Amino acid sequence: MGVRCVAIRACGGVLQRALSLHTAHATKDMENLFQLVRNIVPALTSKKHKGQDGRIGIVGGCQEYTGAPYFAGISALKVGADLTHVFCAREAAPVIKSYSPELIVHPVLDSSNAVEEVEKWLPRLHALVVGPGLGRDDLLLNNVRGILESTKARDIPVVIDADGLWLVAQQPALIHSYHKAILTPNHVEFSRLWEAVLSSPMDSNDLKGSTLKLSQALGNITVVQKGEQDLISNGQQVLVCNQEGSSRRCGGQGDLLSGSLGVMVHWALRAGPEKTNGSSPLLVAAWGACTLTRECNRQAFQKYGRSTTTTDMITEVGTAFSRLFTT
Ligand SMILES: NC(=O)C1=CN([C@@H]2O[C@H](COP(=O)(O)OP(=O)(O)OC[C@H]3O[C@@H](n4cnc5c(N)ncnc54)[C@H](OP(=O)(O)O)[C@@H]3O)[C@@H](O)[C@H]2O)[C@@H](O)CC1
Ligand SMILES: Nc1ncnc2c1ncn2[C@@H]1O[C@H](COP(=O)(O)OP(=O)(O)OP(=O)(O)O)[C@@H](O)[C@H]1O
Ligand SMILES: [Mg+2]
């Protein structure tokens with residue numbers, strides 16, 4: 001597949017032609033990507049049983065942050081997962097349960113046997129989303145370190161976001177070269193990771209190059225740098241997602257993205273390289289989840305303008321998904 005970043009060096013009329021060529025390439029690349037995402041979406045048939053289209057685990061939720069794991073978990077379900085398990089600190093569990101009867105909530109993350117408690121469920125999970133609303137308490141982070149080790153040992157795909165990225169910045173070796181990991185840093189989280197992993201200063205004029213380099217420095221794991229454009233790299237190529245969103249930046253949009261990505265990475269890996277036309281399934285899943293999140297934002301903003309919140313965006317998941325990915 002010809003998805004790539006094109007550097008243009010030309011001037012005058014040549015530049016004009018080069019730019020139209022570039023635009024034509026970019027449009028074609030984007031059409032290709034839409035098709036690849038459509039290819040990984042599982043068919044809805046009467047032959048499947050509950051669970052087959054995704055059992056997703058969310059690791060996060062503490063006393064302060066209960067919204068983030070809820071947003072991630074409910075987004076995974078709304079995108080099309082069948083079951084979502086939230087593994088959180090004891091105090092957060094009743095709160096998260098009260099938001100929604102759809103989520104299965106395990107109050108285990110701050111217990112002394114947290115790793116074993118999560119390990120009981122790991123063999124049944126298709127993907128894990130680690131970090132939304134996790135907080136930075138050392139006890140919890142240490143338990144999550146053990147959960148990540150166990151997840152890797154079982155070859156389960158893992159999306160790492162928010163405070164999960166804080167942990168990775170402390171211990172990059174935890175995730176280095178794990179080919180089924182996707183990191184989803186916002187601007188601040190990206191800079192923190194950069195400083196932890198590379199000693200040179202980050203070039204903020206070359207965000208694409210920085211995304212590529214950070215991925216390489218982490219052993220070619222997939223990195224999604226969120227922002228005005230989302231930049232997605234596996235150390236070999238950089239995809240750009242600039243789907244129209246809005247200027248509304250309410251908290252929780254990143255949680256919608258990480259939860260959606262949890263399901264889509266499972267779908268992409270299950271579909272295999274034939275369906276993704278040889279492209280990395282993780283890149284395709286990441287581009288799909290970014291595009292979906294931004295479209296939810298656009299649709300919600302059209303209705304609610306400045307009062308748009310992440311809950312409004314989640315309401316849009318179904319229509320946004322159909323509009324983008326259902327043929
Ligand atoms: N409802 C809930 O439960 C939610 C809970 N959440 C959970 O909160 C936990 C902490 O998350 P987080 O690290 O994102 O902390 P957050 O205080 O947002 O940022 C730290 C500081 O960084 C800055 N900053 C941030 N983004 C920036 C940008 N793009 N570009 C530039 N600067 C930017 C900004 O600095 P300031 O503007 O204040 O100087 C901000 O104060 C984590 O567990 C997460 O999952 C969230 O998911 C939201 C919904
Ligand atoms: N300046 C921007 N313009 C358009 N879309 C943006 C912009 N910044 C972020 N986004 C989109 O918002 C979504 C979440 O990114 P953001 O950087 O807000 O994550 P976050 O800070 O982790 O969010 P959260 O509040 O959930 O922690 C992504 O899909 C991203 O594409
Ligand atoms: Mg975040």
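Only a predicted model underlies this, so the values are computations on that prediction, with no experimental measurement involved. Heavy-atom basis, side chains included; hydrogens, waters and symmetry copies ignored. Remember, it's 1-based here, ligands and their atoms both numbered in the order they're listed.
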Exercise for review: For atom 46 (C) of ligand 1, state which one of L134, T310, L165, D255 supplies the nearest heavy atom.
Suggested key: D255
Study note, to complete from the structure: The answer for which part of Q253 has a heavy atom under 4.0 Å from ligand 1 is neither
Check your understanding: For atom 22 (O) of ligand 1, which candidate among V188, N186, T66, D163 holds the nearest heavy atom?
Key -> V188
Check your understanding: To the nearest 0.5 Å, what is the distance between CD1 (I221) and OG (S177)?
Key -> 8.0 Å
**Study point:** Whether F321 and W267 hold their rings parallel, tilted or perpendicular, with breakpoints at 30° and 60°
**Key:** perpendicular
**Study point:** Heteroatom proximity flag, G252 to ligand 2, N/O under 3.5 Å
**Key:** yes
Check your understanding: To which of N242, T293, N186 does the heavy atom nearest atom 29 (O) of ligand 2 belong?
Key -> T293
Revision key, fill the gap. Atom 12 (O) of ligand 2: of E189, E295, Q253, the nearest heavy atom sits on Q253
Study note, to complete from the structure: To atom 2 (C) of ligand 2, the nearest of E228, R298, H187 on a heavy-atom basis is E228
**Study point:** Distance-only donor-acceptor check, side chains Q225 and T211, under 3.5 Å
**Key:** yes
Revision key, fill the gap. In terms of its nearest heavy atom to atom 30 (C) of ligand 2, the top option of D230, V188, V224, L231 is D230
**Study point:** E228 touching ligand 1 at heavy-atom level, < 4.0 angstrom
**Key:** no
Check your understanding: If you measure from each non-hydrogen atom of D255 to ligand 2, which part falls under 4.0 Å: side chain, backbone, both or neither?
Key -> both
Check your understanding: Is atom 17 (O) of ligand 2 less than 4.0 angstrom from some protein heavy atom?
Key -> yes
Review point. Quick check: does A162 get an N/O under 3.5 Å from an N/O on ligand 1?
Key: no
Practice item. Give a yes or no on whether L140 and L167 share a hydrophobic cluster (residues Ile, Leu, Val, Met, Phe, Trp, Tyr; joining criterion: side-chain heavy atoms under 4.5 Å apart). Key: yes
Exercise for review: May I ask which of G164, P185, A68, G135 has a heavy atom nearer to atom 2 (C) of ligand 1 than the others do?
Suggested key: A68
Review point. Do you see a protein non-hydrogen atom under 4.0 Å from atom 37 (O) of ligand 1?
Key: no
